[in-house]
Amino acid sequence: MWAQEAKLGRRWVGRLPFQGDLLESLEAFAAAKQVDAGWINVIGAVEKAVIGFYDQEKKQYDHLEFDQELEIVSCMGNLSLRQGRPVAHLHITLGDSRGRIYGGHLVRGTVVFAGEFYLQELLGLQLQRGLDQETGLPLWEKHSGRA
Ligand code: ZN
């Protein structure tokens with residue numbers, strides 16, 4: 001286990017574009033504002049969704065596609081750099097018209113109907129993603145220097 005102490009930076013509250021890709025809209029915003037690390041929360045609704053479930057044995061994501069309108073009951077995660085670009089790692093909980101809940105790792109292809117987000121920039125971190133051999137996931141690599 002390791003951790004780095006962060007300082008709070010800028011923060012934004014905003015609205016996501018209608019029919020934009022949920023993940024890509026947030027990453028584009030972070031890139032435009034030059035945010036290297038942060039924490040994200042989103043609520044709203046989607047027209048369709050794609051979520052992933054990581055098969056730990058096969059070391060690959062299985063995708064679940066929902067071609068239906070769903071509420072974003074909760075969506076949260078972080079922002080860090082991968083190959084120098086901000087990437088968002090978000091998990092999402094979606095609710096249908098009967099209140100049933102689905103959830104998983106958010107992947108591209110989730111189309112926003114309406115979305116309100118909060119982004120908190122975190123400063124003083126050295127968070128770079130690289131391939132982790134044990135899990136097969138692009139996890140944060142331990143940084144030896146002082147953050
Ligand atoms: Zn995930």
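This structure is a prediction, so every number in the text was calculated from the model and none was measured. Ligands are counted one by one from 1 in listed order, and the atoms in each one are counted from 1 as well. Start at 1 with the first residue, then count along the sequence.
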* Show your working on side chain to side chain contact (heavy atoms under 4.5 Å, CB included) between Val35 and Leu122 and close with a plain yes or no. => CA-CA 8 Å; Val35 181; Leu122 298 173; over 6 Å; no
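A donor atom on one side chain and an acceptor atom on the other are found under 3.5 Å apart for Gln120 and Tyr118. Judged purely by distance below 3.5 Å, without hydrogens or angles, the side chains of Glu47 and Gln19 pair a donor atom with an acceptor atom.
Within 6.0 Å of CZ in Phe53 there are 12 or fewer heavy atoms belonging to other residues, nucleotides or ligands.
Distances shorter than 2.8 Å separate the Zn ion (ligand 1) from the protein N/O/S atoms His89 NE2, His91 NE2, His105 ND1.
Remark: side-chain polar atoms of Lys59 are paired, donor with acceptor, to backbone N or O of Glu134 under 3.5 angstrom.
Within the structure, salt bridge (Lys or Arg N to Asp or Glu O under 4.0 Å) pairs that include any residue of residues 102-129 comprise Arg10-Glu121, Glu24-Arg108, Glu27-Arg108 (at least two apart or interchain).
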